[in-house]
Amino acid sequence: GVGESFLSDIISDWEEKLPDNIKLAYLPQPGLVRLRLSAIGKDKNKLQKQIDNRIVRLNELIHEMIFGYDDDTLEGIIGKLLKEKNKSLSTAESCTGGYIAHLITSIPGSSYYYKGSVIAYSNEIKKDVLGVKNNSLIKYGAVSEQVVTEMVTGIKRKFNTDFAIATSGIAGPDGGTIEKPVGTIWIAVATPEKLIAKKFLFGEHRQRNIRKTALSAMNLLRKGLITE
């Protein structure tokens, strides 16, 4: 959920204090950054302890930003949390066009916690299937807090799930306005206790916007699962 430069500013002091035999590499992707620590030496156990100690200190600095280690993925972590808590999930996707559902169902055993999705690409589907109010679409537009909130409420109720995600935005490369430029995205996450809606401004690259939206949505869900 943060960029490489933002992250490097936060952990700069920690990075400067790394011993000479440990190197840090930033491996950025759209929507996330992987940090790779490489240690050089003759005693593997000693090197592992060195790295583990540095990771503990790093965790103290950016605990809320870390979702996993090694080959962990957000969709995998979410699946693990849902399964551990015995909770269910549904999704209502507009600008992501089913990409979130694809990521979630790429995890073996996801049928245990994932009920399904509605790809509400048109306003007609938003209204007729998810129960979005026509007045909300007219007054605020499809890409708005009001509409994405009604989408997530509608899918959660319709599929009878504990958690739900909804997305609505302008992925691009066209369709933007002065008020809502390309890359404007609204994401809503509903938990058993609360509803969170958040606006994002990503950029002009369509595929990156879709990827970033999916990761941001799953990260909001992850945080909701942890605090629930």
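None of these values were measured; they are calculated from a predicted model.
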Lys87 to Phe163, cation-pi by 6.0 Å centre distance and 45° axis angle: no

Distance (rounded to the nearest 0.5 Å) between [X] [atom1] and [Y] [atom2]:
| X | Y | atom1 | atom2 | result |
| --- | --- | --- | --- | --- |
| Leu137 | Asn123 | CG | CG | 4.5 Å |
| Ile155 | Ser117 | CD1 | OG | 6.0 Å |
| Leu24 | Leu58 | CG | CG | 8.5 Å |
| Leu225 | Lys80 | CG | NZ | 13.0 Å |
| Lys127 | Asn135 | NZ | CG | 11.0 Å |
| Arg211 | Leu32 | CZ | CG | 6.0 Å |

Residue list, ring pair (Phe, Tyr, Trp, His ring centres under 6.0 Å) with Phe159, at least two apart or on another chain: none

Within 6.0 Å of CZ in Arg206, more than 12 heavy atoms from elsewhere: yes

Lys198 atom NZ, neighbour heavy-atom count above 12 within 6.0 Å: no

Cluster link Leu220 to Ile62, ILVMFWY, side chain under 4.5 Å: no

Same apolar cluster (I L V M F W Y, side chains within < 4.5 Å links), Tyr121/Tyr140: no

Nearest non-hydrogen partners of [X] and [Y], listed with the distance:
| X | Y | answer |
| --- | --- | --- |
| Leu130 | Ala120 | CD1-CB, 3.7 Å |
| Met151 | Ala92 | CE-O, 3.8 Å |
| Val189 | Ala217 | CG2-O, 4.0 Å |
| Gly169 | Ile185 | CA-CD1, 3.7 Å |

For Val152, the rest of its hydrophobic cluster, which grows through side-chain links under 4.5 angstrom: Leu195

Under a 4.5 Å cut-off applied to non-hydrogen side-chain atoms, are [X] and [Y] in contact?
| X | Y | answer |
| --- | --- | --- |
| Thr213 | Cys95 | yes |
| Glu145 | Lys199 | no |
| Tyr114 | Thr105 | yes |
| Ile210 | Gln207 | yes |
| Pro19 | Arg54 | yes |
| Thr191 | Thr227 | no |

N/O donor to acceptor pairs below 3.5 angstrom from side-chain atoms of residues 37-45, sequence neighbours left out:
| from | atom 1 | to | atom 2 | distance (Å) |
| --- | --- | --- | --- | --- |
| Asp43 | OD1 | Asn45 | N | 3.2 |
| Asp43 | OD1 | Lys46 | N | 3.2 |

Donor-acceptor pair, [X] side chain versus [Y] backbone, under 3.5 Å?
| X | Y | result |
| --- | --- | --- |
| Asn53 | Lys49 | yes |
| Glu93 | Tyr99 | yes |
| Thr184 | Ile170 | no |
| Lys126 | Ala142 | no |

Evaluation steps, side-chain contact (heavy atoms from CB on, under 4.5 Å), between Ile226 and Lys223: CA-CA 5 Å; Ile226 291 171; Lys223 291 179 178 180; 5.6 Å; no

Within residues 10-22 or reaching into it, pairs that qualify as side chain to side chain donor-acceptor pair (under 3.5 Å) - sequence neighbours excluded: Glu15-Tyr26, Asn21-Gln50

Pairs meeting criterion side chain to side chain donor-acceptor pair (under 3.5 Å) with involvement of residues 147-169, two or more places apart: Ser88-Asp162, Ser90-Thr161, Thr96-Thr167, Ser136-Glu150

Worked verdict on Val147 versus Trp186 for side-chain contact (heavy atoms from CB on, under 4.5 Å): CA-CA 9 Å; Val147 167; Trp186 274 98; over 6 Å; no

Working for side-chain contact (heavy atoms from CB on, under 4.5 Å), residues Ile10 and Val2: CA-CA 11 Å; Ile10 295 175; Val2 299; over 6 Å; no

Sequence neighbours excluded and cut-off under 3.5 Å, please list the side-chain donor-acceptor pairs for residues 64-79, or say none.
| from | atom 1 | to | atom 2 | distance (Å) |
| --- | --- | --- | --- | --- |
| Tyr69 | OH | Asn59 | ND2 | 2.5 |
| Asp72 | OD2 | Tyr69 | N | 2.9 |
| Thr73 | OG1 | Gly76 | N | 3.0 |

